[in-house]
Undergrad: 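Next up is a structure, given as structure tokens.
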Amino acid sequence: MRGVKIVGTGSALPSRVMTNDDMAKIVDTSDEWISTRTGIRSRCYCDTRAGESHRSLVRDAAARSLDAAGIAPEQVGVCLVATFTADTCTPSAACLLQADLGMPEDTLCLDLNAACAGFVYGLHVAECLLPGATRPYALVVGADTLSRVMDFEDRTTCVLFGDGAGAAVLECREGYPELHAVWGSRGDDSSLVAPGVGCDEPSYLHMDGRAVFRFATEVMPRCTTEVLTAAQVSADEVDRFVYHQANKRIVDFAVKKLGLDPVKCEGNIDHTGNTSAGSVPILLDELVRAGKITSGNRVLMAGFGAGLTWAGVLAEFA
Ligand code: COA
């Protein structure tokens, strides 16, 4: 049977760094409140004057992942971008990426919206599509520019989110393992909402923080346990747990509940904030580049978000 492995990762954070003290100049908040409630110390926003955009972040993260994999754009058969904040509804971010990197016409290009769980969903979707694709490599990007949908007068949301993109290249081959994906969604239209085209102005993101916190602390441990069960491995056999970076307290809760080694569950929310679909692949890439994920490692990734959605996979690095 054919399965997949990750053969390369990349990421891109924009250049405009906003510290908690910077946020305190915009809304009634403080470094103390934000860092103790969330673990966030700074986040990055696109500097449009410097030419940074959703498209440029996607392109840079994707190009870096292909470079790390030693794969040319012409070798990619599936190109997925998980996002809900692309520069345009159509053409898709995936088609723009195809144009930017020069991927062939028979590349399967599409965007996918599962909010903050989007990248993990995307890995599973790519695994399903690859056996029927023209070429055995998939480029999966998670990217969001939340600064586009933030209400900078709402202190309960604007301090939490940042912009960023991450990417991974999957190779499909005979003898490679399955991802053992688990997923779910809950058809919830009120806990976390970012209105789109045609909706009432202003179209900002709205969130019931406490409801999402309750949901997240329920699904993250459950998702982890379900992936381990599906893969028939113990937590000790997993080298890293890469969790969606929405709030350090959510990850700490899951780590404690599952009895995981905190060293294996290191996050990066302190300097990224919540980058939605970018969150998991940015952390993944930072760990790879720091030598904390290496060849042969098994990594459990899990995310949750608006929808309400959640997903988990166990992926092996080639
Ligand atoms: N600075 C200062 N005070 C703030 C604030 C801010 N940025 N945001 C909210 N507050 C205030 C509230 O107004 C409230 O004041 P009150 O007690 O006078 O009414 C107080 O802080 C406590 O608010 P509460 O919402 O209970 O805080 P919390 O401990 O639940 O933390 C979140 C709020 C948003 C950090 C937390 O609920 C959370 O992380 N939820 C999940 C969000 C998430 O993961 N979203 C992304 C999903 S992908």
Side-chain angles (χ1 to χ4, degrees), residues 18-43 82-85 112-122 142-166 183-186 188-194 204-223 242-256 267-270 272-283 301-312:
M18 291 285 287
T19 65
N20 290 346
D21 287 336
D22 294 329
M23 298 307 292
K25 290 176 195 150
I26 303 173
V27 286
D28 181 15
T29 190
S30 65
D31 175 49
E32 202 271 333
W33 192 95
I34 302 170
S35 56
T36 55
R37 300 273 176 145
T38 69
I40 299 167
R41 295 199 171 274
S42 65
R43 72 290 289 142
T83 188
F84 72 96
T85 55
L112 176 161
N113 176 357
C116 303
F119 176 77
V120 185
Y121 261 80
D144 272 305
T145 43
L146 277 306
S147 61
R148 294 163 58 101
V149 293
M150 281 297 84
D151 179 354
F152 284 98
E153 292 183 1
D154 176 9
R155 68 175 182 174
T156 67
T157 53
C158 74
V159 301
L160 303 175
F161 297 93
D163 299 344
W183 62 90
S185 53
R186 201 166 273 180
D188 173 296
D189 64 1
S190 59
S191 303
L192 184 43
V193 180
Y204 296 130
L205 181 145
H206 296 278
M207 181 175 71
D208 178 346
R210 287 182 194 178
V212 176
F213 196 92
R214 276 196 302 277
F215 160 72
T217 49
E218 175 208 328
V219 294
M220 293 312 276
R222 181 175 131 197
C223 199
V242 176
Y243 286 124
H244 173 44
Q245 302 291 295
N247 186 327
K248 187 175 181 301
R249 287 191 292 144
I250 294 171
V251 176
D252 289 348
F253 177 91
V255 169
K256 196 167 170 205
N268 65 352
I269 195 168
D270 59 326
T272 60
N274 180 348
T275 54
S276 189
S279 165
V280 168
I282 292 169
L283 174 56
M301 289 168 258
F304 64 91
L308 294 164
T309 54
W310 66 95

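First listed ligand is number 1; within each ligand, the first listed atom is number 1.
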Undergrad: Taking the side chain as every heavy atom from C-beta outward, state whether Thr38 and Leu160 have any atom pair closer than 4.5 Å.
TA: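 In contact.
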
Undergrad: Without placing hydrogens or testing angles, list every side-chain donor-acceptor pair under 3.5 Å for residues 29-37, not counting sequence neighbours.
TA:
| from | atom 1 | to | atom 2 | distance (Å) |
| --- | --- | --- | --- | --- |
| Ser30 | OG | Trp33 | N | 3.0 |
| Asp31 | OD1 | Asn20 | ND2 | 2.9 |
| Ser35 | OG | Asp31 | O | 2.6 |
| Thr36 | OG1 | Glu32 | O | 2.7 |
| Thr36 | OG1 | Trp33 | O | 3.4 |

Undergrad: For the residue pair Asp144 / Thr83, report whether a side-chain donor-acceptor contact shorter than 3.5 Å exists.
TA: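 Side-chain D/A pair, Thr83 to Asp144: present.
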
Undergrad: Not counting sequence neighbours, which residues clear side-chain contact (heavy atoms from CB on, under 4.5 Å) with Phe215? List them please.
TA: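 So Phe215 forms a side-chain contact (heavy atoms from CB on, under 4.5 Å) with Arg186, Val219, Phe304, Leu308, Trp310.
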
Undergrad: Start with the C-alpha gap between Ile282 and Gln245, add the side-chain angles, then the distance that decides, and say whether side-chain contact (heavy atoms from CB on, under 4.5 Å) holds.
TA: CA-CA 10 Å; Ile282 292 169; Gln245 302 291 295; over 6 Å; no

Undergrad: Can you list every protein residue that has a heavy atom under 4.0 Å from any atom of ligand 1, sorted by chain and residue number?
TA: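 Residues within 4.0 Å of ligand 1: Asp28, Thr29, Trp33, Arg37, Thr38, Cys116, Arg155, Thr156, Val159, Leu160, Leu192, Met207, Gly209, Arg210, Val212, Phe213, His244, Ala246, Asn247, Arg249, Ile250, Asn274, Phe304, Gly305.
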
Undergrad: Sequence neighbours excluded, which residues qualify as ring-ring contact (aromatic ring centres under 6.0 Å, His included) partners of Phe213?
TA: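 For Phe213 there are no ring-ring contact (aromatic ring centres under 6.0 Å, His included) partners, ignoring immediate neighbours.
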
